Amino acid sequence: MRPIKRRLLIATSCISAMNASASFAATDTKHSHKAPVSRTVSPGQKSSMPAGSRKPAARSLEATSEEAMTIHAGIASANGVTNTTPGGGMMAVQRVPRSQSTVTRDYLAKQSPTANINELISAMPGVAYQSQDIMGATGDALSMRGMNETEVGYLFEGAPVADAFNYEPFTSTYVDNENIGSITVAQGSPDLTAPLYNTVGGQISAKMIDPSHKMGGYLDLMGGNYSVNKEFVRFDTGDIGHSGIRGFLSFSNTHGHMDRGFGVLQRYHTDAKFVKEWGKSNSFGVVFSYTRLFWNAVRRPNMSQWNEYGRSFNFNEEYTPGDTAYYKFQTKNRNGITIVAPLHLDLGRGLSFNATPYFVLQYSPATGASNLSADGSYYGTEPAGPLNQPYTVNGNVTAMGIGYYNAKNSGLTTSLDWKRGNNTLSFGYWYSYATHWEENSYSTVDLNGNVANMDGKYPIILQNGKVLRGYNLNLMQQTNALFLSDRLDLLKNRLHLEAGIKAAMVSRQATEDMPGADPYKSVKNYFEPLPQLAASFDVTQHDQVYFNATTAFRVPGSSETQVQDFDPSSSTAVSQPGSLKPEYTIGEEIGFRHHGLYNVSASLFNLNLTNHQVTSSGYIAGTTTLIDQTMNVGGETVRGAQVEFGLHPWHHFSPYVSGQYLDARIDNNYQVGSDYLPTKGKTAVQSPHFTASLGLSYDDGRFFGNFQLRYLSSQYATFMNDEKMPGYVVANTTLGYRIAPKLGVFKHPQIQLNVQNMGGNNYLSGIAGVTANARSYKGIYGTTISGSSPNYNVGSNFGIMASISTGL
C-alpha cells in the first residue's frame, strides 16, 4: 500500500487531543518567539524541536509508525493564539459523555477586547445570546435549550459566581477577555461535582489563562465608535526564583457612550492569578478579580412600542416636571470581588485531593423613578402621611428610587479521588453560606430634574422618622451537598462507564421588614437526590459514541418567591410569594463525535421538566422600576438535535458550523387565579426552533481574520403563543495583522479590527419579560383573563473597534 500522508497539528502549549477532562484550558499566554516548527518526519524517523524552544508537544493520535507526518507547532503570538484548535478555536476536542463545546484563545483573542463571557459563546450550538450594547458590559441574558441564564449554572475557576438567590450571572464582572483561557458550555447536562443548584439548563465554565513562566507583560489599547475605548495592561512575574511561584496582575479601563439612548458606560477591572507548583503534580493557586461598573440603563419596549419607534424608543434626553422616564434617573451599578484558591495534592498510591475555597461579593445601587402621591402614599400597608416635600406636580412628588443590595457568597468544595487499576472512585463535599441584603429609599427631584442625592444620603423621611421604602429584605442561605461517583474503564480503555449521585440540601430564610408584610419571615428547606449515569465507547481512535442520563434541580429564584415586595403607590404588595417547588429535570442524550482533520459532534436530547419556573422582569405600573417575577409553568418536554462541524487549519482556513433544532412543549394548562389558560401543547417561551452559526477563520501567522454569522428563528414571548419575537440574522467580523516577531521591546505587536453587527440591523435580541398571554382570553372555567404585553431587549448597534496590542 502507498504510505498515507496526513497533516497533524501540534500546539506548542501541549494541547492534548485525548484530555480526559474534555475541557481545553490555555496554559500560557506567552508563546515561544521562535519561528513555528514545520517539518516532515518519515516513518521511523525521530522528530526533534530546535534548541531553545519549549518542550515538545504531544503527538497527535492520528500518527502511526506506517505514516509520514507533517508536524505543525502552531504560530507564535503575544495573546495566546496558536491556531491549532479546530474551527478557528471554537471546537476543542471533547471526551466527556455529554454535549459539550469549548472555545479557546484561538477564538477568544480575535474577538472584541470588551466582549463578555456570554457573548463569547454566542456561536455555540443552541446558545441564544441577547446582545444589548456594543461594549458587551450589560448583556447577561441568554437561553439554552429553552432555559434562560438563571437556569444555567456559571462557574469561574471552579467557583459558583452567579447571584446565589436570583442566579443573575453578571458575566462582565468576572474577567477581562485578554485573561480568559477557555470557556466550556455543557448544554443541558451539568457536572455531577459542580457546586451549583440551578443547572436545569446546563453549565458554563470559564477559566483564566495560567501565568507565564517568563517575566514580561501584555498591552492592549482599543478605540471605536460611540467614543468607546479600552486600555488593558498585564504584568507577568515569571518564575520567582526557585520557589515554584509565578503570577500576573492586570488592570483595564473601559469607557464609552451607550450605543442606544443616552449616557455613558464606565468599567474598571482588575485581575490577578498566582500559582505555586511542587512535586509531581501538586499545585495551589489564588485567583482575584475586582470590578466597578456603571452605566445608564436603556428602556425595554413592548412589541407595539418597537413597531412604532424602533431603536429610538428609550428614556428621555430632556427633563420635564413629573417625567419619570428621564434617562439620568435610570442608572445601574455592578461592583464585585471574586477570590478563588484551588488546591490539588497528589497523595500517592492513586489518591489525590482537591479543595477550592471561594468568596464572592456583589454590591451596588440601581435607580428608577416614581411619582409618589404627596398625601396618599403608603409605607408597606400603612399610610405614609404627608410627604412634606418642596416640589410637587399635580399633587405628586417625583422621586428617584435608589435600590441597594449587598450579596456575599462563600464556600468550600472538596473531593478525594482514588484511582486503582481501571477504576476511579470519587467522593466530595460542598458547603456554602450566602447572605443578601436589599433595601430602597427615595430622593426628591426638583423641577429641573436634579436629585437631592444620587447615593440616597438625603432620602424622604416620614413624620414618624422612618425612611420611606418599598422593601427591606434580608436573606440567608446554607447549602450542603455530598457526591459519590465511580468510573470504570474497560476493553483496553475503549469503554468507559460512569455512575454517581449527589445529595443537595439547601436551607433558605428571608425576612421583609416592612409594616404589614405577610409573612414577615419565610423559611424554606430543599433536599434533592441527583443521580447520573453515563457511558462512552471509542469506536476508533478518532470516533466516539456516548449516552447519558442526568438529573438536575433549581431552587426557586429571587426574594419574591418567599416574601412580598411593596411600592408606595399601593397599600397592597406588588408581588406575592407563592408555594413554588424546586424545578426538577430528567434528561437523556445520545451522541457521536469524530476528531481529526475534520471534527464532527452530533447529539439527540430529551428533557422532562417538572415545576418549570420562568423568571422574567417588568416595570411596576406607573414607574420605571423593574421587578422580577417567577411563574411556575408546570411540566415541560424538551426534545431536539444539535450538531457541530469544525476543520483543523487547512491552507490557513478553519471553517466552523453549528446548529440546533429544538421542540419545547408545555405539558399542562397554566393556572391564573382560580382558572386556567389552555396552554397544554403550546410551544415554550424563549425556545427558538432553529439556531445556527457559520464561522470562517483565516490565519497564516501574519494576516488573520474571521467571520461569524448567527441566525435565530422566531420565539414565543407568551405561554399562549399569541405574541412572538421575530427571528434575526447578525454578522460580525475580525481583520488583523501581526507586524513583526519583535519590534524593539515589543514582542509580536499586532493591529486588529472588530466589526459587530456588520449590516447595522435593527432587531430585538431577546425576550426580557415574558407574560402568560398578550390578549384577553376566556379561561377553561369561563373567567376572563386579561392580557399583558411582554417586553424585549434591543440588539446592539453597528460597532467598529480598532486595537493595537503587544507583548512586553
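Everything numeric here is computed off the predicted structure, so don't read it as measured data.
- Between S805 and S803, the side chains place no donor N or O within less than 3.5 Å of an acceptor N or O (distance only, hydrogens not considered).
- We find the OH-OG1 distance between Y290 and T173 to be 11.5 Å, quoted to the nearest 0.5 Å.
- Side-chain N/O atoms of S189 and E589 include a donor and acceptor closer than 3.5 Å.
- Looking only at side-chain heavy atoms (C-beta outward), T85 and V93 stay at 4.5 Å or farther from each other.
- A heavy-atom distance below 4.5 Å is found between the side chains of Q266 and N253.
- For the pair R145 and F605, the cation-pi criterion (under 6.0 Å, within 45° of the ring axis) is fulfilled.
- Proximity of a side-chain donor or acceptor of Q362 to a complementary backbone N or O of A162 within less than 3.5 Å is not detected.
- Side-chain contact between L607 and V200: absent, with no pair of heavy atoms (C-beta onward) separated by less than 4.5 Å.
- Using a 4.0 Å cut-off between a side-chain N of Lys or Arg and a carboxylate O of Asp or Glu, K332 and E168 do not qualify as a salt bridge.
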Notebook entry, point to check: So M222 and V228, side chain to side chain contact (heavy atoms under 4.5 Å, CB included) or not? Walk me through it.
Noted result: CA-CA 8 Å; M222 186 208 74; V228 173; 3.5 Å; yes
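- Between A602 and Y546, the shortest heavy-atom distance links the atoms O-OH, 4.3 Å.
- Counting heavy atoms of neighbouring residues, nucleotides and ligands inside a 6.0 Å radius, atom NZ of K408 does not exceed 12 of them.
- Counting only N and O atoms by type, the side chains of Q94 and E644 include no donor and acceptor under 3.5 Å apart.
- Shown here for S485 and L192, the closest heavy-atom pair between the two residues is CB-CD2, 3.8 Å.
- Donor-acceptor pairing under 3.5 Å is lacking for the side chains of D346 and S352.
- S426 and R487 share no side-chain donor-acceptor pair at under 3.5 Å.
- With hydrogens and angles disregarded, no donor-acceptor distance shorter than 3.5 Å links the side chain of R105 to the backbone of T82.
- Contact check for Y154 versus V152: side-chain heavy atoms found under the 4.5 Å cut-off.
- Contact between A552 and P190 at its shortest, heavy atoms only, is CB-CG, 3.9 Å.
- In this structure, the side chain of D106 does not engage the main chain of G88 through any donor-acceptor pair within 3.5 Å.
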Next item on the list: Kindly indicate, with the supporting measurements, whether the criterion side-chain hydrogen bond (donor to acceptor under 3.5 Å, both in side chains) is fulfilled by S289 and Y174.
Entry: CA-CA 6 Å; S289 73; Y174 304 160; over 6 Å; no
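- One distance of note links OH of Y268 with OG1 of T254; it measures 10.0 Å at 0.5 Å rounding.
- Between the side chain of K207 and the main chain of S182, no donor-acceptor pair closer than 3.5 Å is present.
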Next item on the list: Could you give me the CA-CA distance, side-chain angles and deciding distance for S796 and D259, then say whether side chain to side chain contact (heavy atoms under 4.5 Å, CB included) is met?
Entry: CA-CA 7 Å; S796 61; D259 62 290; 4.1 Å; yes
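- Here the rule is side-chain hydrogen bond (donor to acceptor under 3.5 Å, both in side chains) with K110, and of N754, D699, T734 only D699 fits it.
- For the residue pair S205 and T184, no side-chain donor N or O sits within less than 3.5 Å of a side-chain acceptor on the partner.
- Using a 4.5 Å cut-off on side-chain heavy atoms (C-beta onward), L293 and S172 make contact.
- N177 and S112 form no side-chain donor-acceptor contact under 3.5 Å, judged by distance and modelled atom types alone.
- The heavy-atom pair separating A186 from Q100 by the smallest distance is CB-OE1, 4.1 Å.
- Distance alone, capped at 3.5 Å, places no donor-acceptor pair between the Q477 side chain and the F165 backbone.
- Under the 3.5 Å distance criterion, the side-chain polar atoms of N148 are left unmatched by any main-chain donor or acceptor of S143.
- No donor-acceptor pair under 3.5 Å is formed between the side chain of N79 and the backbone N or O of E178.
- Each of R267, R234, K273 was checked for a salt bridge (Lys or Arg N to Asp or Glu O under 4.0 Å) with D176, and the lone residue meeting it is R267.
- Classification of E498 and R98 as a salt-bridged pair fails, no side-chain N sitting under 4.0 Å from a carboxylate O.
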Next item on the list: Tell me, with the steps shown, if F156 and V287 meet side chain to side chain contact (heavy atoms under 4.5 Å, CB included).
Entry: CA-CA 10 Å; F156 176 57; V287 175; 4.0 Å; yes
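- Taking CG from L120 and CE from M90, the interatomic distance works out to 10.0 Å, rounded to the nearest 0.5 Å.
- At least one donor-acceptor pair under 3.5 Å links the side chain of Y197 to the backbone N or O of A164.
- Side-chain contact between V81 and I75: present, with at least one pair of heavy atoms (C-beta onward) separated by less than 4.5 Å.
- Contact check for F232 versus N179: side-chain heavy atoms found under the 4.5 Å cut-off.
- With values rounded to the nearest 0.5 angstrom, Y363 atom OH is found 4.5 Å from N335 atom CG.
- Remark: side-chain polar atoms of K230 are not paired, donor with acceptor, to backbone N or O of M135 under 3.5 angstrom.
- In this structure, R554 CZ and Q613 CD are separated by 5.0 Å, a value rounded to the nearest 0.5 Å.
- Using a distance-only test at 3.5 Å, with no hydrogens or angles considered, no donor-acceptor pair links the side chain of T424 to the main chain of D417.
- Counting all heavy atoms, side chain and backbone alike, N793 lies closest to A141 at ND2-CB, 4.1 Å.
- The shortest non-hydrogen separation linking Y656 to S693 is CE2-OG, 3.8 Å.
- A distance of 11.0 Å separates OG in S765 from CG in L142, rounded to the nearest 0.5 Å.
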Next item on the list: Starting from the C-alpha separation in whole Å, work towards a yes-or-no answer on side chain to side chain contact (heavy atoms under 4.5 Å, CB included) for S536 and R95.
Entry: CA-CA 9 Å; S536 65; R95 302 301 299 173; over 6 Å; no
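- The closest side-chain donor-acceptor pair between S697 and S654, if any, does not fall under 3.5 angstrom.
- Side-chain contact between E149 and I204: absent, with no pair of heavy atoms (C-beta onward) separated by less than 4.5 Å.
- Between the side chains of Q130 and Q132, no donor-acceptor pair of N or O atoms lies under 3.5 Å.
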